[in-house]
2 protein chains.
Amino acid sequence: MPNSAPATIEDVARIAEVSIATVSRAIHTPDKVAKSTRQRVNQAIAITGYTTNAMARSLRMGRSNMILILAPDIGDPNFSSTLIGLENEARAHGYGVLIGHTQNDPERGLEYLKFLSSGQATGLVLFTGHEPFGHQVLGQRLPPSVAVFEPVFGSKISYVGVDDVAGARKAAEHLLSAGHRSIAFIGDSKTRLGHQRRRQGFDIALDAARIPPNQRFVLEGEGTIESGRLAVEQLFMRDQLPSAFMCVNDATAVGVLNGLTARGYDLPHDFSVIGFDDVPQATYVNPALTTIRQPRTAIGRQAMSLLIKSLGDRTMERQEILLMPDLIVRGSVTGPARR
Amino acid sequence: MPNSAPATIEDVARIAEVSIATVSRAIHTPDKVAKSTRQRVNQAIAITGYTTNAMARSLRMGRSNMILILAPDIGDPNFSSTLIGLENEARAHGYGVLIGHTQNDPERGLEYLKFLSSGQATGLVLFTGHEPFGHQVLGQRLPPSVAVFEPVFGSKISYVGVDDVAGARKAAEHLLSAGHRSIAFIGDSKTRLGHQRRRQGFDIALDAARIPPNQRFVLEGEGTIESGRLAVEQLFMRDQLPSAFMCVNDATAVGVLNGLTARGYDLPHDFSVIGFDDVPQATYVNPALTTIRQPRTAIGRQAMSLLIKSLGDRTMERQEILLMPDLIVRGSVTGPARR
DNA sequence: AATTGTAAGCGCTTACAATT
DNA sequence: AATTGTAAGCGCTTACAATT
């Protein structure tokens, strides 16, 4: 029943009958200690259950092997699978991750930034789409950082995400090839770069199909379920209806589906709907949502890989890695209804 | 453009023209330093942007003010709002939280436990339903801990969660008062204590209504969407059908809804369905799910409050705090169909 | 040249002593 | 009694010296 305080390097040294320096070397640079000594040390480690105190180590070395992940909303369906990619890649390189849940609260963000300045973390992953609030307040330079999902506007922070333009184009082309000619775009944004790029992909596809842009079929929205519902209502107050809805993301699409169902339409017979993201919920709305899948785990993996590289090479320039998304065909798209 | 290393207590001391001991006291026990000195120190802090190095502080003091939260799956819809309750309460008491995402991987769990033994964290919140793997391996006692959502079986770890029996009873009574007499229970479990308690609540309600138990209407399941779908299929292979489905949780209910819809039934007209948890998705399945709401944020808040108390008083005994859940009426329950 | 130990120091807190 | 400073030490890593 080993109780008491955890073993320190001192305990190990005493048992192995060496100095603490030798213990440290046996652990971190084993080839610098004689084989027999190394064995005695390893035995002592086994006996004591020693693990090195990360705080003391980081304090002494002036850096840690922890990466801080700043996320405004841990409940975001895009977050958890990306996190897994981040974690696995970090681990493979001997790094650990610290999750900073900011709840979009600048104060919390600031608190987590202290992990950086105090050396508890050395690198930064941003889910936020903007530089952390008040990092200038702290009077510190940002450490090596990488943004995921949403590029950081006007910053030299690297970015790993999906190719929004290409993905949206795929979505629109799927609708077009099903025969749709009047397609609404739901979720136009003046502020979110990623959503603007999706709009761009939509425009390109329609243009390539020689369909003239129709501004009345482009509705704004902030990418929430509620905004999708709202867009449907707005559209129904006008004279003309599209035969298909291309939504800026799945949340919007779920809202559109809801709004349409609430109005008594039979989907996908009456209207086709396509989303973007492929969140877990996409499979169990009714009809199941045809959408564009973000390669989330791969995004996480690549982002971490890039970050670790730039940890080793501080002169590395900004990079943007765009991954290609896939079309996932489920039940919400079919040919246009005869009306 | 303040660059360079972050300010240390030494920098502050030099500018304020005091010793570092005085700086430390000015920060942590301000009434022990003269007012004029305190002011000079505060000014120096403002100038330098100093924040105390948490690692050095914890190392010196032998304890930190961080709570480790061990979660097997951050994507679980129950997690994020509970986390907010935990975080807010921790913060109100000057504690921070560290999120350990174990992915159900014992090795990862073990890694995070080192935060405890190295003093990077002092308390533990468990979402796992079991003691962390291998904490005996580390040869260490568990620190003050509290479990949420799933009590830790056979352990003296305190527990804060919903009153499953009472909640399930409410659900069943809602079905009964809508006129249902043949109700299936989907998601019976041999292993999950919380789910067993829900089953218990169900039995109690039926018994109180003098409805004899019907074992053919009790189907096992692990609480996933898939298991809900499966249960529907199993039921339809039998001779007799219930008029309502009481599901052990919302995920199961979504599966049941799906399975029923896929078979062409009109819900809730043909069958009523009730869930448990009130996950975010419950609002946008079709029909919207009537369910029992877990007071997630409150659970988080109370759990953290209890934990912090036991941090102050190590002799505290195990406690179990059961919060009362509410019935949330939406669209998935109505009277039984005439058939 | 290979192996080991000595001692300093990372940034803090706090017991104790010293000063007013 | 109120206020301040001195110095030790938390658990480590590593430059340097010492030994073989």
Side-chain angles (χ1 to χ4, degrees), chain A residues 4-42 44-45 48-66 114-122 140, chain B residues 4-41 44-45 48-66 94 114-122 140:
Chain A
S4 78
T8 71
I9 198 170
E10 198 105 35
D11 301 323
V12 176
R14 197 175 328 108
I15 294 180
E17 300 184 303
V18 293
S19 74
I20 62 170
T22 298
V23 174
S24 178
R25 278 190 289 254
I27 295 170
H28 302 291
T29 52
D31 38 308
K32 285 195 176 171
V33 357
K35 197 172 165 199
S36 63
T37 315
R38 206 189 312 147
Q39 285 173 341
R40 285 211 320 283
V41 171
N42 286 334
I45 287 175
T48 54
Y50 171 76
T51 67
T52 113
N53 182 316
M55 286 188 318
R57 175 159 218 252
S58 300
L59 181 60
R60 170 58 230 242
M61 295 181 60
R63 65 194 165 72
S64 73
N65 55 165
M66 286 281 163
K114 289 186 192 164
F115 282 76
L116 258 15
S117 58
S118 71
Q120 268 185 98
T122 31
Q140 68 189 39
Chain B
S4 78
T8 70
I9 199 172
E10 198 105 33
D11 301 321
V12 176
R14 198 175 327 110
I15 293 181
E17 300 184 302
V18 293
S19 73
I20 60 170
T22 299
V23 175
S24 178
R25 280 189 289 252
I27 295 170
H28 302 292
T29 52
D31 38 306
K32 285 197 177 170
V33 358
K35 197 173 165 199
S36 63
T37 315
R38 206 189 311 147
Q39 284 173 341
R40 284 212 319 285
V41 170
I45 288 175
T48 54
Y50 171 77
T51 67
T52 113
N53 181 317
M55 285 188 318
R57 174 159 219 251
S58 300
L59 180 60
R60 171 59 229 245
M61 295 181 61
R63 64 192 166 73
S64 73
N65 56 164
M66 286 283 162
K114 288 186 192 164
F115 281 75
L116 258 14
S117 57
S118 71
Q120 268 186 98
T122 30
Q140 68 188 41

Legend entry - Closest to side chain of B:T37, choosing from C:dT3, D:dT14, D:dT3: D:dT3

Legend entry - Sugar-phosphate only, base, or nothing, as touched by A:S58 at under 4.0 Å among non-hydrogen atoms: nothing

Inset, instruction - Describe the nucleic acid contact of A:A21 in one word from base, sugar-phosphate, nothing, applying a heavy-atom distance below 4.0 Å. - result: base

Inset, instruction - Without swapping roles, check the side chain of A:R63 against the backbone of A:T122 for a donor-acceptor pair under 3.5 Å. - result: no

Legend entry - Approximate separation, where rounding is to 0.5 Å, of B:S64 OG and B:M55 CE: 12.5 Å

Inset, instruction - Please determine if a side-chain N or O atom of B:T22 lies less than 4.0 Å away from the OP1 or OP2 oxygen of D:dG5. - result: yes

Inset, instruction - Figure out the CZ/C1' separation between A:R57 and D:dT13, and round it to whole Å. - result: 8 Å

Legend entry - Nearest-Å distance for atom pair NZ/P, residues B:K35 and D:dT4: 14 Å

Inset, instruction - Output the single nucleotide from C:dC12, D:dT13, C:dT4 whose closest atom is nearest the side chain of B:I9. - result: C:dC12

Legend entry - A:I9 side chain near A:S24 side chain, heavy-atom distance below 4.5 Å: yes

Inset, instruction - Name all stems that contain residues of DNA chain D, defined as runs of 3 or more consecutive Watson-Crick or G-U wobble pairs, both distances under 3.5 Å. - result: C:1-20 with D:1-20

Legend entry - For atom CZ of B:R14 and atom P of C:dC12, their distance in whole Å: 12 Å

Inset, instruction - Calculate the interatomic distance between A:R40 atom CZ and C:dG5 atom C1'; express it in whole Å. - result: 14 Å

Inset, instruction - For A:S19, report the nucleic acid contact type (base, sugar-phosphate, nothing); a contact means any heavy atom under 4.0 Å. - result: base

Inset, instruction - Ignoring backbone atoms, test whether A:T8 places a side-chain nitrogen or oxygen under 4.0 Å from the OP1 or OP2 oxygen of D:dG11. - result: no

Inset, instruction - Check the distance between C:dA15's C1' and B:R25's CZ and give it to me in whole angstrom. - result: 10 Å

Legend entry - Atom pair distance, as rounded to whole Å: CZ in B:R38 and C1' in D:dT4: 14 Å

Inset, instruction - Determine the contact category for A:S118: base if any of its heavy atoms lies under 4.0 Å from a base atom, sugar-phosphate if only primed atoms, P, OP1 or OP2 are that close, otherwise nothing. - result: nothing

Legend entry - Separation of atom CZ in B:R63 from atom P in D:dG9, rounded to whole Å: 20 Å

Legend entry - Whether B:R38 side chain and B:A26 backbone form a donor-acceptor pair below 3.5 Å: no

Legend entry - For atom CG of B:D31 and atom C1' of D:dT3, their distance in whole Å: 12 Å

Inset, instruction - Kindly indicate whether the side chain of B:I20, heavy atoms from C-beta on, has any atom under 4.5 Å from the side chain of B:T8. - result: no

Inset, instruction - Kindly say whether B:V18 contributes a backbone atom to a donor-acceptor pair with the side chain of B:T22 at under 3.5 angstrom? - result: no

Legend entry - B:H28 side chain near B:R57 side chain, heavy-atom distance below 4.5 Å: yes

Legend entry - Nearest listed nucleotide, side chain of B:M61, among D:dT4, C:dT14, C:dT4: C:dT14

